[in-house]
Amino acid sequence: FADLRVLGDLEISGENMPFFNSLTENTIRGYVNASVLGGGTANSEFEVFTGCSMGFLPASYYPYEQCMVRPVGSMISMVQDAGYTAYSIHPAPAGNWSRDRVYRYLGFDGSFWGEDFSDFQGIHCGISDLDTYKMVEELYEGRGEGEKLFIFDLTIQNHGGYTESNVERTVEAANVHSEEADIFLSLIRESDKAFEQLVTYFQGQQEPVIICMFGDHQPKIVAEDFYEGIYALTPGLEERDKVLNLYKVPFVIWANYDIGERDGLDIGMSYLGPLLMEAAGIPLSPYFAFLLRYMEEYPMVTVNGYRDGEGNYHDWSGDGTELEEYRMLQYYYLFEKKT
């Protein structure tokens, strides 16, 4: 889930995220900066669930495969401590990125995979966003009396590649030619329609509900002339901006009740979990509470570097000394043996 217009002066034939962009009341919104591009969704999940940053881990490192080898505290355990039942939905094979094992370590009470969808609408890569949202609604309607639910829904409809698709081309790149981009832009239009249905459903519920919708990473358009065409149309775009913009994806936190509204956030992916937990009024672990304070001082920490609260961007020096407090806490969280 991404808005390709963050890359530069890309024009499109029609708005493909009208509903998503219309949400302003009772919302917290902006951009999260991922540490992966075109794949590696599990690393974005890892950052959101744990509050750990890929910026402190080796290049080409995948925590789900390499260090998630035991139960760990996470936002999942936080919601469970607050009395919630936690479910995950991912309409793909359970073994992808070892999610079946990792989700148990994270503490989910139950998980649903591709095999659990017997009747669905096929869009592009398979089971549609809308079909997964129907499962969310079914879980909500089937909850026990007084039961509180946390549901993580990882959709797959817009997965790459983008050379062939059954999606109707409803939105196109207007000033750069790219059939791949046209497919992706049209897929996002379908995602926006599905998200509208989900939010509309929960707008009508009496119980308080909060929804966080975010992109895991941008797609990778194979034809490089797509990017070069945008850059040629965007005067003053620096090389650093070209890189950073590739990792920027939108997010919104929306509630069907009054929450403190914020707009224009531009944060690292590892801060999204603490931000959501705070907005939902769920007690934070000491680590998540630290991250919310740290976000004000260093709002973006990713594999590409970090940005301080004054807007200054810093590359990693390679000596492992930057952001030492965050770095040490993360190391303890992931690798120190707990007794």
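Only a predicted model underlies this, so the values are computations on that prediction, with no experimental measurement involved.
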Phe214 vs Val249, side chain to side chain contact (heavy atoms under 4.5 Å, CB included): CA-CA, chis, key distance, verdict: CA-CA 7 Å; Phe214 68 98; Val249 289; 5.9 Å; no

A side-chain contact here means heavy atoms from C-beta on lying under 4.5 Å apart; do [X] and [Y] qualify?
X      : Y      : value
Tyr84  : Glu147 : no
Phe195 : Met17  : no
Ile127 : Gln157 : no

Report the C-alpha distance between Glu45 and Tyr103 in whole Å, list the side-chain angles of each, state the deciding distance to 0.1 Å, and finish with yes or no for side-chain hydrogen bond (donor to acceptor under 3.5 Å, both in side chains). CA-CA 11 Å; Glu45 291 178 59; Tyr103 283 6; 2.6 Å; yes

Treating Glu322 as the side-chain partner and Ser317 as the backbone partner, does any N or O pair qualify as donor plus acceptor under 3.5 Å?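 Present.
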
Before giving the answer on side chain to side chain contact (heavy atoms under 4.5 Å, CB included), spell out for Phe152 and His90 the whole-Å C-alpha distance, their side-chain angles and the decisive distance to 0.1 Å. CA-CA 8 Å; Phe152 174 68; His90 182 41; over 6 Å; no

Using 4.0 Å as the upper bound for N to carboxylate O, is an ion pair formed by Glu239 and Lys242?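 Salt bridge present between Lys242 and Glu239.
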
Could you tell me whether Glu15 and Arg5 make a salt bridge, using a distance below 4.0 angstrom between a side-chain N and a carboxylate O?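 Salt bridge present between Glu15 and Arg5.
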
Please list all pairs passing the salt bridge (Lys or Arg N to Asp or Glu O under 4.0 Å) test where one or both residues lie in residues 192-218, with sequence neighbours left out.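 Every salt bridge (Lys or Arg N to Asp or Glu O under 4.0 Å) pair that includes a residue of residues 192-218, provided the two are not neighbours, is Arg143-Glu207, Arg189-Asp192, Glu190-Lys193.
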
Strictly by salt bridge (Lys or Arg N to Asp or Glu O under 4.0 Å), give each pair with a member in residues 266-276 just once, sequence neighbours left out.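 Found Lys248-Asp266, Asp266-Arg307.
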
Given Asn245 and Asp241, is the side-chain hydrogen bond (donor to acceptor under 3.5 Å, both in side chains) satisfied, shown in steps? CA-CA 6 Å; Asn245 290 346; Asp241 294 328; 5.7 Å; no

Can you list the residues that meet the ring-ring contact (aromatic ring centres under 6.0 Å, His included) rule with Tyr298, with sequence neighbours excluded?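 Tyr298: ring-ring contact (aromatic ring centres under 6.0 Å, His included) contacts with Tyr294, Tyr306.
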
Parallel, tilted or perpendicular: which fits the ring planes of Tyr331 and Phe335, with parallel below 30° and perpendicular above 60°?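 Judged by the thresholds at 30° and 60°, the geometry between Tyr331 and Phe335 is tilted.
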
Verify the cluster assignment for [X] and [Y]: are they in a single hydrophobic cluster under the rule of side-chain heavy atoms below 4.5 Å apart?
X      : Y      : value
Val303 : Val301 : no
Leu185 : Leu246 : yes
Met269 : Leu284 : yes

Worked verdict on Ser88 versus Ser111 for side-chain hydrogen bond (donor to acceptor under 3.5 Å, both in side chains): CA-CA 5 Å; Ser88 70; Ser111 295; 2.7 Å; yes

Where do Phe150 and Met78 land on the side chain to side chain contact (heavy atoms under 4.5 Å, CB included) test, with the steps shown first? CA-CA 11 Å; Phe150 172 91; Met78 274 177 253; over 6 Å; no

After noting the C-alpha distance and the side-chain angles of Tyr333 and Tyr287, does the key distance pass the ring pair (Phe, Tyr, Trp, His ring centres under 6.0 Å) rule? CA-CA 9 Å; Tyr333 174 93; Tyr287 183 42; 5.3 Å; yes

Spacing of Asp129 atom CG and Gln121 atom CD [to the nearest 0.5 Å]: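 These two atoms lie 10.0 Å from each other.
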
Smallest separation among heavy atoms of Ala92 and Asn96, with atom names: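 That would be CB-ND2, 4.0 Å.
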
One pair to check against side chain to side chain contact (heavy atoms under 4.5 Å, CB included): Met300 and Ile267. What are the steps and the verdict? CA-CA 5 Å; Met300 189 184 83; Ile267 60 174; over 6 Å; no

